S.K.: 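Mind having a look at this structure? Questions to follow.
Small disclaimer: the values here were computed from a predicted structure and weren't measured. Each ligand, and each atom within it, is numbered from 1 in the order the structure gives.
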Amino acid sequence: MKIDIITIFPRMFVGPLTESLLSRAQEKQIVDIKVHDLRSFTEDKHHSVDDRPFGGGCGMVMKPEPIYRALKKLRPKKTKGQQVIFLSPQGKTLDQKLVKELSSYRHLILLCGHYEGVDERVMNWVDREISIGDYVLTGGELPAMVLVDSVMRMLPGVVKEASSVERDSFYNGLLDYPNYTRPEEFKGARVPEILFSGHHARVEQWRRQQSLIATWKKRPDLLKKVRLSPEEKKFISEIKRTHKRRGE
Ligand code: 9D3
């Protein structure tokens, strides 16, 4: 997959792209990520990327011309496998379903906004607007990194075991079960006995039940969307009677 990022703060991307999984995925040539400084697409002597809003008002608006030139260069003509994404508070909220959908494109072009927004005519060249949640950030750079991180780990070969992608919470619709490692006892807290039993099927059943308990306690909204077996439904009514929900 090819990812082009257009930003007025290219250096913000250095850390995330040179550390950890993102750098290894690039070394393995699974993704090719390039960050482009919007200022390099300006043609005036002051390299202006923003200007005052017509009609008055406070703040600055990003000019259309540098963005147009950047898009023209990075995507000379429209093709199916490409997607121009504008990171914006007005966008659709990113979730795992959208991440999965985006991972099927060959080429993503991410446009990071700043100031009070961009000239609305830029929307004519944008395929979709994406937000990462209902809170206010200073720009689209961190959201672009969040998007790249989440999309990348869906690509084959990025995360070691394919199974760990499939098992993700949100993938099966439930939260993760609790994990334990050595020591068997720490500060008086013991690891649950079942995990030493060596009984694989029973461990799997316990984990599924723990996922159900955690989801019911911490994210009951997720339980409404997930498909459960009759036994699991019975188990849920059982924990409703015997467990306390968080904050109650
Ligand atoms: C909604 C606030 N706008 C009212 C004048 C101004 C504004 C605030 C912050 C416009 C842009 C921004 C910068 N944020 C993003 O570019 C952004 C973002 C976000 O703030 N939250 C969650 N997802 C995203 S994606 C891009």
S.K.: I need the full list of ring-ring contact (aromatic ring centres under 6.0 Å, His included) pairs touching residues 29-49, with sequence neighbours left out, sorted by first then second residue.
M.R.: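 For residues 29-49: none.
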
S.K.: One thing to verify: whether Asp127 and Arg75 come together as a salt bridge, which I'm taking to mean a side-chain N less than 4.0 angstrom from a carboxylate O.
M.R.: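 A salt bridge links Arg75 with Asp127.
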
S.K.: With the threshold set at 4.0 Å, does a side-chain nitrogen-carboxylate oxygen contact exist between Asp37 and Arg39?
M.R.: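 Salt bridge absent between Asp37 and Arg39.
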
S.K.: Using 4.0 Å as the upper bound for N to carboxylate O, is an ion pair formed by Glu101 and Arg128?
M.R.: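 Yes, this pair counts.
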
S.K.: Give me the pairs of N or O atoms, one from ligand 1 and one from the protein, that sit under 3.5 Å apart.
M.R.:
residue	atom	partner	partner atom	Å
ligand 1	16 (O)	Gly140	N	3.3
ligand 1	20 (O)	Leu137	N	2.9
ligand 1	21 (N)	Tyr135	O	2.8
ligand 1	23 (N)	Ser131	OG	3.4
ligand 1	23 (N)	Ile132	N	3.0

S.K.: Do Leu155 and Val146 land in one hydrophobic cluster if side-chain heavy atoms of ILVMFWY residues count as linked below 4.5 Å?
M.R.: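 Yes, same cluster.
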
S.K.: Salt bridge between Arg24 and Glu27, side-chain N to carboxylate O under 4.0 Å?
M.R.: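 Salt bridge absent between Arg24 and Glu27.
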
